[in-house]
Amino acid sequence: MTDQPQPSTPAPAPDLFTWEFASDPYPAYAWLREHSPVHKTRLPSGVEAWLVTRYADAKQTLADNRLSKNPAHHDEPAHAKGKTGIPGERKAELMTHLLNIDPPDHTRLRRLVAKAFTPRRVAEFAPRVQELTDTLIDGFAAKGSADLIHEFAFPLPIYAICDLLGVPREDQDDFRDWAGMMIRHQGGPRGGVARSVKKMRGYLADLIHRKREALPAEPAPGEDLISGLIRASDHGEHLTENEAAAMAFILLFAGFETTVNLIGNGTYALLTHPGQRARLQASLAAGESGLLETGVEELLRYDGPVELATWRFATQSLTLGGQHIEAGDPVLVVLAAADRDPERFADPDVLDLSRRDNQHLGYGHGIHYCLGAPLARLEGQTALATLLTRLPDLRLAADPAELRWRGGLIMRGLRTLPVEFAPAAPAAPSPAVPAAPSPAVPAERDETSDL
């Protein structure tokens, strides 16, 4: 008598949203892709939502007009009220921004701000990004050690987006503090996020009023974005004050945390893949830019800053990946899972900075593709190239197993990134750049961006 083969027992479903999961979610996402690619789960907030994990399904979902960005379409039970957005945005009357609206309002508002993120405008901003980058590195280069999240990755995009919006230099440290509180969750005082949102709302309303009073008749070259929004509002584009404040708020909010994580996650990936890091340093030393450009795209795919795309809500019953979705159900596209899908990417768990076929979903897809992606790419490329060039022996100063990742839902990023290096001389001084005082510590967040 021969032994009969026994049917294999599939591995049990993984636990989601634990601290262990936050450190390395990719094995769990591989299980979901294989066994439950459109998966209903209860989130830590208590909200039930569908997770979409395969690349083909994710790309389709991101462009599906039956899925609305407007929270009004959420068939939410009482216990889930207000748990699908940015804390405090409802009370602060900041709901009318690009993350919460659909066409035609989305089309109208996006058109008003798109001019600030054209390739030409971003290229004109490149010297300022380099200046900020060098000044921040100067702040710790002579010490021989740093926490790259707190001292570099966090303040760089804050100061950059403040400049783009037109926040006066003397007010930018306040924005840094509010932003630091807004990306805290379990690590900050109770209600701190909502209070920071309220403070930012009050400041933006006052700034819009002051800029409107002083607005010249004709725009100057490189006019700041808030002035551009005011000008559009005053010339028949029907932009209300609440819309202008909400737009400025979400551009600041969405415009910094993604870049914090791109720089932090990207640097960590390079430090833990020494062969790839050496390739990039050799390419930079030779004056080449090609590997830097493809490399940043690969870092976005491999361990990108946005783990899940922001909320979508079914406006009608529909089918996704073979699953029936009821009208009113929340749907979350897991970008991190889709970008490791072996059906789309060869050797998806391998970091290859020269990867060419790399149409990742790190900045979304469709009409909500991230508006600030060109600026984020510029900041990421500048930050990584300058770090590796000025601090060539940069190395981790902690065991990777000891590093903690912020436990949130939408974003993926490190809480700290301690590094060591040979002390280096500062670059040429840049007195016009604000000094980099010890920034508010980013700890935990629950939400942000695919504009």
Side-chain angles (χ1 to χ4, degrees), residues 119 122-142 146-149 151-161 163 255-256 258-305 351-356 358 360 362-363 372-396 413-414 417 419-430 433 436:
V122 170
E124 291 171 349
F125 199 56
R128 175 60 177 161
V129 173
Q130 184 65 64
E131 184 182 36
L132 283 166
T133 300
D134 281 322
T135 299
L136 290 168
I137 293 176
D138 286 347
F140 56 78
D147 178 347
L148 285 186
I149 301 299
E151 298 178 67
F152 184 61
F154 178 68
L156 172 59
I158 284 287
Y159 292 135
I161 198 67
D163 277 358
F256 85 90
T258 51
T259 307
V260 173
N261 294 344
L262 169 57
I263 297 170
N265 298 4
T267 303
Y268 175 71
L270 292 172
L271 294 180
T272 52
H273 292 78
Q276 293 295 308
R277 176 254 190 91
R279 288 179 64 198
L280 181 55
Q281 284 183 300
S283 175
L284 293 170
E288 301 166 352
S289 62
L291 191 63
L292 176 65
E293 293 169 3
T294 60
V296 166
E297 297 310 303
E298 175 69 345
L299 294 168
L300 286 163
R301 182 202 69 83
Y302 180 78
D303 199 8
L351 180 69
D352 178 6
L353 299 184
S354 60
R355 190 184 295 268
R356 292 289 180 179
N358 197 1
H360 63 78
Y363 284 124
L375 178 60
R377 286 186 168 102
L378 168 67
E379 291 173 345
Q381 290 177 14
T382 304
L384 292 173
T386 308
L387 273 176
L388 294 179
T389 300
R390 291 190 55 186
L391 308 174
D393 64 338
L394 190 72
R395 57 194 178 274
L396 276 176
L414 286 161
L417 184 56
V419 295
E420 295 175 337
F421 45 87
S430 301
V433 182

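The main-chain N or O of Ala422 is found under 3.5 Å from a side-chain atom of Asp393 such that the two form a donor-acceptor pair. Between the side chain of Gln281 and the backbone N or O of Pro392 there is at least one donor-acceptor pair closer than 3.5 Å. Glu298 places a side-chain N or O within donor-acceptor distance of the main-chain N or O of Asp352, the cut-off being under 3.5 Å. One N or O on the side chain of Thr294 and one on the backbone of Leu353 form a donor-acceptor pair closer than 3.5 Å.
Considering OG1 of Thr133 and CG of Leu384, their distance stands at 10.0 Å, rounded to 0.5 Å. Expressed to the nearest 0.5 Å, how far OH of Tyr268 lies from CG of Leu299 amounts to 13.5 Å. For the atom pair Phe152 CZ and Leu387 CG, the distance stands at 4.0 Å (nearest 0.5 Å). With rounding to the nearest 0.5 angstrom, the CG atom of Leu280 is 13.5 Å from the NE2 atom of His273. Note that the CG atom of Leu375 and the CZ atom of Phe125 stand 6.5 Å from one another [nearest 0.5 Å]. Rounding to the nearest 0.5 Å places CD of Glu151 at 9.5 Å from CG of Leu136.
Side-chain contact between Leu148 and Leu394: present, with at least one pair of heavy atoms (C-beta onward) separated by less than 4.5 Å. Contact check for Ser354 versus Arg279: side-chain heavy atoms found under the 4.5 Å cut-off. With contacts defined as side-chain heavy-atom distances shorter than 4.5 Å, the pair Pro305/Thr259 does not qualify.
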Open item on the list: For Leu391 and Val419: C-alpha separation, side-chain torsions, deciding distance, then whether side chain to side chain contact (heavy atoms under 4.5 Å, CB included) applies.
Closed with: CA-CA 10 Å; Leu391 308 174; Val419 295; over 6 Å; no
Open item on the list: Phe421 vs Phe140, test: side chain to side chain contact (heavy atoms under 4.5 Å, CB included). Steps then yes/no.
Closed with: CA-CA 10 Å; Phe421 45 87; Phe140 56 78; 3.7 Å; yes
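Closest heavy-atom contact between Pro423 and Ala142: CB-O, 3.4 Å. The two residues Ala376 and Leu262 make their nearest non-hydrogen contact at O-CD2, 3.6 Å. Minimum heavy-atom separation, Gln381 to Val296: CG-CG2, 3.6 Å. When every heavy atom of Leu156 is checked against every heavy atom of Ala383, the shortest pair comes out as CD2-CB, 4.0 Å. Nearest heavy atoms, Ile149 versus Gly264: CD1-CA, 3.8 Å.
Asp138 has a carboxylate O that lies under 4.0 Å from a charged side-chain N of Arg390, or vice versa, which qualifies the two as a salt bridge. A salt bridge between Glu297 and Arg377 is present, with a side-chain N of the basic residue lying under 4.0 Å from a carboxylate O of the acidic one.
Judged by distance alone, the side chains of Thr272 and Arg277 never bring a donor and an acceptor atom under 3.5 Å apart.
Between Gln130 and the choices Thr386, Thr135, Thr382, the side-chain hydrogen bond (donor to acceptor under 3.5 Å, both in side chains) rule is met once, by Thr386.
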